[in-house]
Number of protein chains: 2
Amino acid sequence: MAAASDVARLAGVSQSAVSRAFTEGASISAKTRQRVMVAAEQLGYRPNQLARSLLKGRSNIVGVVLGNLQNPFFAEVLDALSQSLSAAGQRLLVFTTAANAEVDAQINDLLHYRVDALILMSTTLSSSLARQCQAAGIPVIFVNRTGQVKQCWSVTGDNEGGARQIARHLIEQGYQRLAFMAGFADSSTSCERQRGFCDELARLQQPAPQLVCGEFSREGAINAARQLLQQAVPPDGIFCANDHMALATLDVARHEFGLTPGKDIGVVGFDDIQAASWPAYQLTTFTQPIGPMVKRATECVLQGESRSGETSAVRQQLIAGELIRRNSTSRKPVATVATN
Amino acid sequence: MAAASDVARLAGVSQSAVSRAFTEGASISAKTRQRVMVAAEQLGYRPNQLARSLLKGRSNIVGVVLGNLQNPFFAEVLDALSQSLSAAGQRLLVFTTAANAEVDAQINDLLHYRVDALILMSTTLSSSLARQCQAAGIPVIFVNRTGQVKQCWSVTGDNEGGARQIARHLIEQGYQRLAFMAGFADSSTSCERQRGFCDELARLQQPAPQLVCGEFSREGAINAARQLLQQAVPPDGIFCANDHMALATLDVARHEFGLTPGKDIGVVGFDDIQAASWPAYQLTTFTQPIGPMVKRATECVLQGESRSGETSAVRQQLIAGELIRRNSTSRKPVATVATN
DNA sequence: TAGTCAATTGCATAGCTATGCAAAATTAAA
DNA sequence: TTTAATTTTGCATAGCTATGCAATTGACTA
């Protein structure tokens with residue numbers, strides 16, 4: 001591929017002129033720029049971003065690591081992130097990983113590319129690597145997960161508050177034998193939701209919920225749901241740590257155990273993914289507003305851009321959500337409409 | 001961040017030695033390598049991939065452009081692509097775009113990064129840009145879409161063949177007033193499925209199906225389904241150009257019009273996404289096997305890697321699929337099991 | 001010990017662009 | 001037209017690594 005010097009030769013100018021022709025606001029006359037552009041067009045030249053990045057020390061690339069694209073929530077977030085960061089002139093270098101795996105290898109790889117920032121979703125980071133990122137001045141942003149390391153940014157939903165509201169809601173609706181379906185034991189997300197749920201139940205002087213683990217996956221949730229429902233005295237209310245598992249639980253309850261969601265059993269999720277509002281599910285859930293979360297994550301990325309002396313005290317941002325009541329916890333079914 | 005020369009100074013060796021220490025199979029003694037590694041560790045050094053890429057002329061980055069991550073099929077493909085290309089030592093630079101938009105701007109941007117290949121899903125490419133990629137020696141691979149441009153690779157499912165089988169299946173099951181819900185008019189995918197469907201119906205001497213457009217989105221499909229079903233004499237069999245739209249159609253049919261899928265109306269999709277097998281839907285569909293498709297796309301990428309004189313005659317690869325019969329087209333419902 | 005061969009190392013350069021600085025060209029002012 | 005003030009241009013260099021080539025070291029043989 002043609003280089004700037006080739007274009008320069010053809011246009012009869014210096015390589016600097018070519019560079020300036022492609023730089024917004026550089027000191028160059030209209031005439032020269034014009035001549036350069038013609039030559040560039042002719043040779044199919046475009047500036048080599050790699051060389052530019054090498055020189056500037058910024059790649060305009062953000063590394064994104066996520067497990068579990070199966071979960072539509074993450075697909076939605078990725079989509080939004082892509083839009084938002086693209087608008088901010090950043091590209092996304094994406095890695096997917098086996099869910100919840102330690103991803104040091106991939107991240108190490110990303111660091112080789114001198115990414116401007118690192119966004120981690122549903123993923124853990126070793127503290128040694130976190131320190132290295134810190135040292136390299138690369139901001140690390142956890143989305144929907146809290147980093148163990150304090151230097152990292154994080155953007156999460158209101159896990160504990162949401163879980164408390166869900167607990168109250170289930171009790172108010174008259175469900176009595178409750179269960180919590182966890183994701184991963186070492187996920188802050190799952191733990192916080194569990195804590196909020198259990199604490200609030202305790203506060204209401206309700207018995208502690210039965211605990212089971214669905215591993216944030218559909219298969220795991222199906223197994224966990226079966227395990228719960230085939231008991232002699234099964235629970236009549238299940239709070240699943242996310243919508244993805246809640247949908248699976250609804251399917252098992254309805255189609256394997258013949259239960260009517262809402263009436264025979266209450267099921268609640270977390271996230272408010274699109275499918276939660278589909279008439280086939282009508283899942284009660286607590287929202288994690290993707291717009292604000294992504295907006296905040298983008299801010300963190302750009303924050304690191306202008307390395308303005310460690311500003312912004314609050315590194316752990318919590319985005320408020322709200323409880324969406326749907327048929328899956330409604331004793332008397334409401335008319336369903338196919339929305340969205 | 002520390003550079004190779006810093007490490008060299010600390011280790012008391014030349015910069016070349018540092019480079020060789022990090023290069024597999026380079027000529028360097030174990031002792032020197034050891035010394036370099038210690039110094040590198042101490043300084044937190046890692047080779048700058050940008051410089052390396054600049055020198056080698058290969059970035060080991062593949063550009064991926066996709067519209068419509070809302071469609072779970074693309075999320076699944078992206079996930080698989082990530083795994084597969086990651087194993088081949090390639091990273092993914094991902095762009096999402098408004099569905100079906102011309103994405104010349106983004107692609108132009110990608111080319112600045114000297115990507116090794118370009119994978120386009122659900123996206124069109126202007127022929128001018130295609131020519132530029134060609135000239136730059138960057139292979140362009142369409143996935144689930146055929147390029148208008150002949151130099152490009154493409155990997156698609158058996159759109160026409162699948163659609164033919166679907167036509168036969170619907171007729172065999174006794175559905176009589178058929179409709180086709182298209183995606184976008186200018187999408188090769190949608191067109192081929194439509195053609196196969198119509199041609200086969202004609203061959204069977206059946207009336208031509210009613211046509212409607214769902215724009216490959218849930219909202220579009222909901223509108224299209226309403227349009228179809230609120231007619232005085234609505235169709236009793238609908239083939240939707242993909243599963244994503246078919247699920248929406250099932251929701252509308254069941255919850256807005258009180259129809260029982262399979263019995264009152266047959267609905268068929270295309271792709272066999274995960275949700276198609278969920279007991280809430282049980283959607284009859286034609287598979288697009290993601291494994292083989294991704295494998296093939298990966299081969300095309302690596303093909304371009306060893307630019308071995310324009311081998312491999314066949315650039316347009318068609319991956320066979322199969323018809324999966326489920327309850328959505330079964331006159332007598334089969335027992336449902338929560339699988340997957 | 002001298003001589004041969006292989007393994008290892010350093011030097012110098014290429015790969016491409018942005019930018020500070022000084023030189024040149026252009027414009028404005030007198 | 002001459003001088004001053006601007007604008008535009010080119011030169012040279014930095015940014016970081018990989019690699020061909022020559023020089024050096026080390027091991028081994030006679």
Side-chain angles (χ1 to χ4, degrees), chain A residues 1-37 39-40 43-61 89 108-116 136-138, chain B residues 1-37 39-40 43-61 89 109 111-116 136-138:
Chain A
M1 184 173 282
S5 57
D6 301 323
V7 177
R9 199 173 316 119
L10 180 59
V13 297
S14 73
Q15 179 264 319
S16 318
V18 176
S19 169
R20 291 191 174 105
F22 282 91
T23 305
E24 200 69 24
S27 168
I28 187 172
S29 70
K31 195 170 52 178
T32 309
R33 168 169 277 151
Q34 177 63 19
R35 205 143 43 121
V36 168
M37 289 309 189
L43 295 177
Y45 168 79
R46 60 193 86 228
N48 188 329
Q49 188 62 238
L50 296 173
R52 185 176 270 182
S53 300
L54 177 59
L55 197 54
K56 294 224 167 190
R58 327 200 73 252
S59 59
N60 290 322
I61 294 178
N108 205 27
D109 209 73
L110 279 175
L111 293 181
H112 284 272
Y113 278 95
R114 297 297 190 269
V115 292
D116 290 354
I138 298 176
Chain B
M1 183 172 283
S5 56
D6 302 322
V7 177
R9 199 172 317 117
L10 180 61
V13 298
S14 72
Q15 180 266 318
S16 318
V18 176
S19 170
R20 290 190 175 108
F22 282 91
T23 305
E24 200 69 26
S27 167
I28 187 171
S29 70
K31 196 170 50 177
T32 308
R33 168 169 274 153
Q34 177 64 17
R35 206 142 42 123
V36 168
M37 288 310 187
L43 295 177
Y45 167 78
R46 62 193 85 228
N48 188 328
Q49 186 64 235
L50 296 173
R52 185 177 273 184
S53 299
L54 177 57
L55 197 55
K56 293 221 168 193
R58 327 200 73 249
S59 59
N60 289 323
I61 293 178
D109 208 73
L111 293 182
H112 285 271
Y113 278 95
R114 297 297 192 268
V115 292
D116 290 355
I138 297 176

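In what follows, chains carry the letters A, B, and so on, assigned in the order in which the sequence lines appear, proteins first and then strands, with residues in each chain numbered from 1.
Two residues are said to be in side-chain contact when any heavy atoms from C-beta on lie closer than 4.5 Å; B:Ile61 and B:Asp116 fail this criterion. The side-chain heavy atoms of A:Arg114 and B:Met1, taken from C-beta on, include a pair separated by under 4.5 Å. Within the 4.5 Å cutoff, no side-chain heavy atoms of A:Ser53 are placed close to those of A:Arg58. Residues B:Arg9 and B:Asp6 have side chains in contact (heavy-atom distance under 4.5 Å, counting atoms from C-beta outward).
Side chain of B:Thr23 to backbone of B:Ala26: no donor-acceptor contact under 3.5 angstrom is found. Looking at A:His112, its side chain never comes within 3.5 Å of a backbone N or O of B:Arg46 through a donor-acceptor pair.
C:dT9 atom P lies 13 Å from atom CD of B:Gln34, rounded to whole Å. Spacing between atom CD of B:Gln49 and atom C1' of D:dG15 amounts to 16 Å, rounded to whole angstrom units. If you take CG of B:Leu54 and P of D:dC16, they are 13 Å apart, rounded to a whole angstrom. If you take CG of A:Leu111 and P of D:dC16, they are 16 Å apart, rounded to a whole angstrom. Between A:Arg33 atom CZ and D:dT7 atom C1' the separation is 14 Å, expressed in whole Å. Distance, B:Asp6 CG to D:dC16 P: 8 Å, rounded to whole Å.
Rounded to the nearest 0.5 angstrom, B:Tyr113 OH and A:Ser59 OG are separated by 6.0 Å. Between the CG atom of A:Asp109 and the CG atom of B:Asn60 there is a distance of 9.0 Å, given to the nearest 0.5 Å.
With C:dT9, D:dC16, D:dT9 as the candidates, the nucleotide lying closest to the side chain of B:Ala51 is D:dC16.
For the residue pair A:Ser29 / A:Thr32, a side-chain donor-acceptor distance below 3.5 Å is found, with atom types taken as modelled.
Considering all non-hydrogen atoms of both residues, A:Ala21 and A:Met37 come closest at O-CE, 3.4 Å. Shown here for B:Ala39 and B:Leu10, the closest heavy-atom pair between the two residues is CB-CD2, 3.8 Å.
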Going 5' to 3' through nucleotides 18-24 of chain D and flagging B where a protein heavy-atom sits under 4.0 Å of the base, S where only the sugar-phosphate is that close, and - otherwise, we get BBBB---
Enumerate all atom pairs, one protein N or O and one N or O from nucleotides 25-29 of chain C, separated by less than 3.5 Å.
none

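One axis for each end of the helix from C:dT1-D:dA30 to C:dA30-D:dT1, each built from five base pairs, and the angle between them comes to 40° at 10° resolution.
Comparing B:Arg114 and B:Arg35 by the nucleotide of DNA chain C whose heavy atom lies nearest to each, the residue mapping closer to the 5' end is B:Arg35.
Among the heavy atoms of the strands lying under 4.0 Å from A:Ser27 is at least one base atom, whether or not backbone atoms are also near.
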